[in-house]
Amino acid sequence: MKKLLSTFIVLLLLLKMTIAQSVCIIKSPDGNTSIEVILNDGMPRYTIKHSGKVFLKESPLGIKTNIGDFSQSLTLFEVSQQSINKTYVLKNIKQSNVNYIANAAVVTFKKDGQKQLSIEFRVSNSDVAFRYEVLPIKDTKVCVVEQEESGFVFPNGTTTFLCPQAKPMGGFARTSPSYETPYTVDDAMGKNGWGNGYTLPCLFREGNDGWVLISETGTDGSYVGCRLLNDGDENYKIGFPQSQEMNGFSSTSAMVSLPFKTPWRTITIGNTLKEIVETTVPFDLTEQKYKPSQQYTYGKGTWSWIIGMDASCNYDEQKRYIDFAAQMGYQSVLIDAFWDTAIGYDKIAELASYGKSKNVGIFLWYNSNGSWNDAPQTPINKMNNQRIRRQEMKWMRDNGIRGIKVDFFGGDKQPMMQLYEDILADANDFGLLVIFHGCTLPRGWEKMYPNYAASEAVLASENLHFGQGACDNEAFNACLHPFIRNTVGSMDFGGSALNKFYNADNQHGTIRRTSDVFALAVAVLFQSAVQHFALAPNNLTDAPKWAIDFMKNVPTTWDEIKFIDGYPGKYVILARRSGDRWFIAGVNAQKETLKLTLNLPMFAVGNTIKYYSDDNQLNGSVNEIKINKKQQVVITIPCNGGVVIENKN
Ligand code: CA
């Protein structure tokens, strides 16, 4: 009986093997990464190998619409393959000149005898991506996409570095989800966050084999923003928005016209974190959607609200910050909520012209509402209506305003994704840069929208003001973002405070635990082409001169990035290049002082570098070091401290 049973199982396995059909294998240009597309009993599947190891086990593909379930009962129609080699220039991301080389395939499936679905694949040396194309069927030219089967099945023992998706209509003034939740690191698989899955991007560690980052790119108003869900197994699958977002209004599905291509699902793979940190996949796969109406000015700025809160939103204080920005050589100030009533439109126009006389532009804060949450801050009911929005933007252009910061969005449903795109497109008509806060993850937007500046979508500097816990964990969080959130898009963190206290008098309030060199280091580690630092006018006299001098000169646009060392939540050391200036920056969250010997071939033998570092009490200093024959520099970083190395000019 036992023998009969095992024969039966073998027969079943054989049957299963004959049903699974290998559709195609697409290899990366260097041959080290490959994806195999499979049709298993009519269901599309894929596996990914890297360096000879399985990085994703057989994982589901497919999409469900109201004109058909294109995740099963499919037959292969055709496979077409091609290679891609293109270059592009983008000044507002981690690397200014990119050469994207990949192999591509389009796999077309039939269902019920008709071509109904294509899946497009891209494989570069360290990034795999795919997207669906739903095809029209006879006279049916529209459909509703209800769900994706797209999943990522990880090998046993994989650990996770994830940020839970907040439940809808929760948190401050019912504004969640707004991508502002704390990460869990090195955790086991099989959980689902706080019950609602995880915010993209999601980082996974496959033991000593390497790392995988899952994200998406190319999302605009034609689709929804997605998250990752887990049902208690090894499959993390793409999830649509939660039904209670936007106060329960509007569907979680996407209404599309056919043929329709979904956003790309991206899988970045590396044996180390280098590939994750250096990936440009969000921009390799997207195209510019409109031409810039003018050449936009990126750069540095200051921001009174982070230290002075709402009370600082008055004419005199904003004028003082404009003077401060001018003294720093900065390009802008950001005037936060309530300026419309606390300062008024006419006085803002005066500030704008005063700023112009000092080469300081003004960014103005706006509420995105609308009708999706209770956030009361004003100006309100301006950005959600095209007629009113464009009037407002015309006033801004006529008065020389540089850009806007729009806050408190309402989740990831299709109408909300359309609002992001509409604000960006209108703002471009009036020459305005756009920063989003209380918002979703940007998904390739630096390339798609030339006036896009940055998004929050992180537990940003405001939390350092709001609670001591965030200050106590600042270094831990700073050791996560360069490996996760900031790898796929500009991150408007608003940090690098040099105040000891998050308060205008610099004597009360939450206490900064991190060092001054730490503040300098995160100005390099956190990437955003527009940065409003949490510096205050008093820092001109109460902060070390070397720190102020550094903050005057640190770039916000970069030509190159190099991962040097680090581990999420423990420490991070990166190198960035702007023109011919290299900056090496590191911070440490571990209790023990970190001591490392860095190979720095970017500095020539005999060159003199500036070395900013901390002693055990987190007292910073700057020293000059001559690069030795080995081009090595020994660094030490105490807990909550930092290190920065730059060329001496
Ligand atoms: Ca926020």
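Remember, predicted model here, so these are calculated numbers, not experimental data.
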Novice: Establish, from distance only, whether the side-chain atoms of Tyr345 and Glu392 form a donor-acceptor pair under 3.5 Å.
Specialist: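 Side-chain D/A pair, Tyr345 to Glu392: present.
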Novice: Looking only at atom types and distance, does a side-chain atom of Ser578 sit under 3.5 Å from a main-chain N or O of Thr557, one as donor and one as acceptor?
Specialist: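 Flag set: sc Ser578 to bb Thr557 pair under 3.5 Å.
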Novice: Before you tell me yes or no, could you show the steps for Ile335 and Tyr321 under side chain to side chain contact (heavy atoms under 4.5 Å, CB included), namely the whole-Å CA-CA distance, both residues' side-chain angles and the distance that decides it to 0.1 Å?
Specialist: CA-CA 10 Å; Ile335 303 181; Tyr321 265 77; over 6 Å; no
Novice: Around atom NZ of Lys552, are there more than 12 heavy atoms from other residues, nucleotides or ligands closer than 6.0 Å?
Specialist: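 Yes - once you tally the heavy atoms of other residues, nucleotides and ligands closer than 6.0 Å, there are more than 12.
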Novice: Stepwise, does the side chain to side chain donor-acceptor pair (under 3.5 Å) test hold for Ser528 with Asp492?
Specialist: CA-CA 6 Å; Ser528 176; Asp492 190 33; 4.8 Å; no
Novice: Side-chain contact test, heavy atoms from C-beta onward, threshold under 4.5 Å: evaluate it for Phe550 versus Val644 and give yes or no.
Specialist: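 Heavy-atom side-chain distance check passes, below 4.5 Å.
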Novice: Are side-chain N/O atoms of Asn384 and Tyr366 paired as donor and acceptor at under 3.5 Å?
Specialist: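 Looking only at side-chain atoms, Tyr366 and Asn384 do not form any donor-acceptor pair under 3.5 Å.
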Novice: Assess whether a salt bridge exists between Asp426 and Arg387, defined as any Lys/Arg side-chain N lying under 4.0 Å from an Asp/Glu carboxylate O.
Specialist: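 Salt bridge between Asp426 and Arg387, a charged N being under 4.0 Å from a carboxylate O: no.
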Novice: Closer than 4.0 angstrom, basic N to acidic O: yes or no for Asp284 and Lys447?
Specialist: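 Salt bridge absent between Asp284 and Lys447.
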Novice: Are the side chains of Met417 and Asp412 in touch, meaning some heavy atoms are under 4.5 Å apart?
Specialist: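 Yes. Closest side-chain heavy atoms under 4.5 Å.
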Novice: Taking C-beta and beyond as the side chain, do Lys405 and His532 meet within less than 4.5 Å on heavy atoms?
Specialist: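 A side-chain contact under 4.5 Å is absent here.
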Novice: About how many Å separate NZ of Lys610 and NZ of Lys648, when rounded to the nearest 0.5 Å?
Specialist: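 Answer for the NZ-NZ pair, Lys648 versus Lys610, is 8.0 Å.
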Novice: Would you find a donor on one side and an acceptor on the other, under 3.5 Å apart, between the side chain of Thr286 and the backbone of Met448?
Specialist: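 No, the answer is negative, given that no donor and acceptor are paired below the 3.5 Å cut-off.
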Novice: Which label fits Trp305 and Phe466: parallel for a plane angle under 30°, tilted from 30 to 60°, or perpendicular past 60°?
Specialist: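 Rings of Trp305 and Phe466: perpendicular, as their planes differ by over 60°.
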Novice: Just so I know, are the side chains of Arg227 and Pro164 near enough to count as touching, which here means a heavy-atom distance under 4.5 Å?
Specialist: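 No, their side chains stay 4.5 Å or more apart.
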Novice: Taking atom types as modelled and ignoring hydrogens, do the side chains of Asp340 and Thr378 form a donor-acceptor contact shorter than 3.5 angstrom?
Specialist: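 Judged by distance alone, the side chains do pair up.
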Novice: Quick check: does any side chain N or O of Glu421 sit under 3.5 Å from a backbone N or O of Gly221, one acting as donor and the other as acceptor?
Specialist: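 Indeed, once roles are kept as given, a pair shorter than 3.5 Å links the two residues.
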Novice: Is it the case that the side chain of Asn553 and the backbone of Asp549 share a donor-acceptor pair, with hydrogens and angles ignored and the cut-off at 3.5 Å?
Specialist: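 At least one qualifying donor-acceptor pair exists.
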Novice: Can we say Arg443 and Glu216 salt-bridge, meaning some charged N sits less than 4.0 Å from an Asp/Glu carboxylate O?
Specialist: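 The answer is yes: the pair qualifies as a salt bridge.
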Novice: To the closest 0.5 Å, what do you measure between CG (Leu90) and OG1 (Thr280)?
Specialist: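 One finds 9.5 Å between CG of Leu90 and OG1 of Thr280.
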Novice: Starting from the C-alpha separation in whole Å, work towards a yes-or-no answer on side chain to side chain donor-acceptor pair (under 3.5 Å) for Trp582 and Asn647.
Specialist: CA-CA 7 Å; Trp582 276 101; Asn647 308 79; over 6 Å; no
Novice: Please find the pair of heavy atoms, one from Val333 and one from Ala325, that lie closest to each other, and give the distance.
Specialist: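 The pair with the smallest heavy-atom distance is CG1-CB, 3.8 Å.
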Novice: List the atom of Val144, the atom of Ser253, and the distance in Å for their closest heavy-atom pair.
Specialist: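 Scanning both residues completely, I find the closest heavy atoms to be CG1-CB, 3.4 Å.
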Novice: Between Arg513 (side chain only) and Asn640 (backbone N and O only), is there a donor and an acceptor less than 3.5 Å apart?
Specialist: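 Judged by distance alone, no pair lies under 3.5 Å.
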Novice: Give a yes or no answer on whether the side chain of Trp303 reaches the backbone of Gly494 with a donor-acceptor pair at less than 3.5 Å.
Specialist: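 No; zero donor-acceptor contacts below 3.5 Å.
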Novice: If you compare all heavy atoms of Gln318 against all heavy atoms of Ser304, which two are closest, and at what distance to 0.1 Å?
Specialist: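 Result for this residue pair: NE2-OG, 2.9 Å.
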Novice: Assess the side chains of Asn367 and Asn369: does a donor N or O sit below 3.5 Å from an acceptor N or O?
Specialist: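 Per modelled atom types, Asn367 and Asn369 side chains form a pair under 3.5 Å.
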Novice: Salt bridge check, Lys347 against Glu350: does any charged N sit closer than 4.0 Å to a carboxylate O?
Specialist: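 A salt bridge is present here (some side-chain N lies under 4.0 Å from a carboxylate O).
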Novice: Regarding Thr175 and Asn373, is there a side-chain donor-to-acceptor distance under 3.5 Å anywhere?
Specialist: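 No, no side-chain donor-acceptor contact under 3.5 Å.
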Novice: According to the interplanar angle, ranging from 0 to 90°, do the rings of Tyr330 and Phe533 count as parallel (below 30°), tilted (30 to 60°) or perpendicular (above 60°)?
Specialist: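 Tilted.
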Novice: Which pair of non-hydrogen atoms, one from Ser176 and one from Lys167, has the smallest distance, and what is that distance?
Specialist: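 Answer, listing the atom of Ser176 first, then Lys167: OG-O, 2.6 Å.
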Novice: Heavy-atom count check: over 12 atoms from other residues, nucleotides or ligands less than 6.0 Å from Lys91 NZ?
Specialist: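 Open: at most 12 neighbouring heavy atoms sit under 6.0 Å from NZ of Lys91.
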Novice: For residues Pro182 and Leu459, determine if any side-chain heavy atom of one lies less than 4.5 Å from a side-chain heavy atom of the other.
Specialist: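 Answer yes - side chains close enough.
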Novice: Any donor-acceptor pair under 3.5 Å linking the side-chain atoms of Gln414 with those of Ser251?
Specialist: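 Note: Ser251 and Gln414 side chains miss the donor-acceptor criterion.
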Novice: Do Tyr502 and Asn463 have a side chain donor and acceptor closer than 3.5 Å?
Specialist: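 The answer is no; no qualifying pair exists.
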Novice: Using the side chain to side chain donor-acceptor pair (under 3.5 Å) rule, pick out the option among Glu446, Gln531, Lys94 that qualifies with Ser490.
Specialist: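 That would be Glu446; it is the only one of Glu446, Gln531, Lys94 passing the side chain to side chain donor-acceptor pair (under 3.5 Å) with Ser490.
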Novice: Go through the side-chain N and O atoms of Glu646 and Tyr612 and say whether any donor and acceptor fall under 3.5 Å apart.
Specialist: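 Indeed, the side chains of Glu646 and Tyr612 share at least one donor-acceptor pair under 3.5 Å.
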Novice: Start with the C-alpha distance between Tyr420 and Phe409, add both sets of side-chain angles, then the distance that settles ring pair (Phe, Tyr, Trp, His ring centres under 6.0 Å), and finish with yes or no.
Specialist: CA-CA 9 Å; Tyr420 286 107; Phe409 284 84; 4.1 Å; yes
Novice: Within this structure, what is the CG-CG distance for the pair Asn538 and Leu535, rounded to the nearest 0.5 Å?
Specialist: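 CG of Leu535 is found 9.5 Å from CG of Asn538.
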Novice: Once you round to the nearest 0.5 Å, how far does OG of Ser332 lie from CD1 of Ile362?
Specialist: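 Here the rounded value is 9.5 Å.
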Novice: Over 60° means perpendicular and under 30° means parallel, so classify the ring planes of Phe172 and Phe408, tilted if in between.
Specialist: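 Aromatic pair Phe408/Phe172 classed tilted.
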Novice: Does atom CE of Met309 have more than 12 heavy-atom neighbours, drawn from other residues, nucleotides or ligands, at distances under 6.0 Å?
Specialist: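 Atom CE in Met309 is crowded, with more than 12 foreign heavy atoms closer than 6.0 Å.
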Novice: For the pair Gln468 and Asp472, evaluate side chain to side chain donor-acceptor pair (under 3.5 Å) and give the outcome as yes or no after the intermediate values.
Specialist: CA-CA 6 Å; Gln468 189 59 47; Asp472 297 346; 3.0 Å; yes
Novice: How many angstroms lie between CZ in Phe476 and SG in Cys479, if you round to the nearest 0.5 Å?
Specialist: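 It comes to 8.5 Å.
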Novice: Dump the intermediate steps for side chain to side chain donor-acceptor pair (under 3.5 Å) on Asn428 and Tyr296, then the final yes or no.
Specialist: CA-CA 10 Å; Asn428 184 55; Tyr296 287 101; 2.6 Å; yes
Novice: Classify the ring geometry between Phe260 and Tyr223 as parallel (under 30°), tilted (30 to 60°) or perpendicular (over 60°).
Specialist: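 The rings of Phe260 and Tyr223 lie parallel, inter-plane angle below 30°.
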Novice: Between atom CH2 of Trp365 and atom CD1 of Ile404, what is the distance when rounded to the nearest 0.5 Å?
Specialist: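 That separation rounds to 11.5 Å.
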Novice: Please check if any side-chain donor atom of Asp422 sits under 3.5 Å from a side-chain acceptor atom of Gln418, or the reverse.
Specialist: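 Side-chain D/A pair, Asp422 to Gln418: present.
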Novice: Look only at the side chain of Asp542 and the backbone of Asn499, and say whether a donor-acceptor pair between them is shorter than 3.5 Å.
Specialist: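 No; zero donor-acceptor contacts below 3.5 Å.
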Novice: Please check: side-chain N/O of Thr510 versus main-chain N/O of Leu464, any donor-acceptor pairing under 3.5 Å?
Specialist: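 Yes, because the side chain of Thr510 sits within donor-acceptor range (under 3.5 Å) of the backbone of Leu464.
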Novice: Side chains of Glu456 and Tyr179: does their closest heavy-atom pair fall under 4.5 Å?
Specialist: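 No, side chains not in contact.
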Novice: Is Tyr198 reaching over with its side chain to a backbone N or O of Gly193, donor-acceptor style, under 3.5 angstrom?
Specialist: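 Answer holds: yes.
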Novice: Using a strict 4.0 Å threshold on nitrogen-to-oxygen distance, state whether Lys319 and Asp323 make a salt bridge.
Specialist: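 Looking at Lys319 and Asp323, the cut-off is not met.
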Novice: Using only heavy-atom distances, determine whether the side chains of Tyr290 and Asp429 contain a donor-acceptor pair under 3.5 Å.
Specialist: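 Absent: no donor and acceptor within the cut-off.
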Novice: I'd like to check Leu441 versus Ser215 (side-chain heavy atoms, cut-off strictly below 4.5 Å). Are they in contact?
Specialist: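 Yes, side chains in contact.
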Novice: Taking the side chain as every heavy atom from C-beta outward, state whether Phe430 and Ile401 have any atom pair closer than 4.5 Å.
Specialist: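 A side-chain contact under 4.5 Å is absent here.
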Novice: Are any side-chain N or O atoms of Ser455 and backbone N or O atoms of Ala457, one a donor and one an acceptor, separated by less than 3.5 Å?
Specialist: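 Looks like no, no N/O pair under 3.5 Å.
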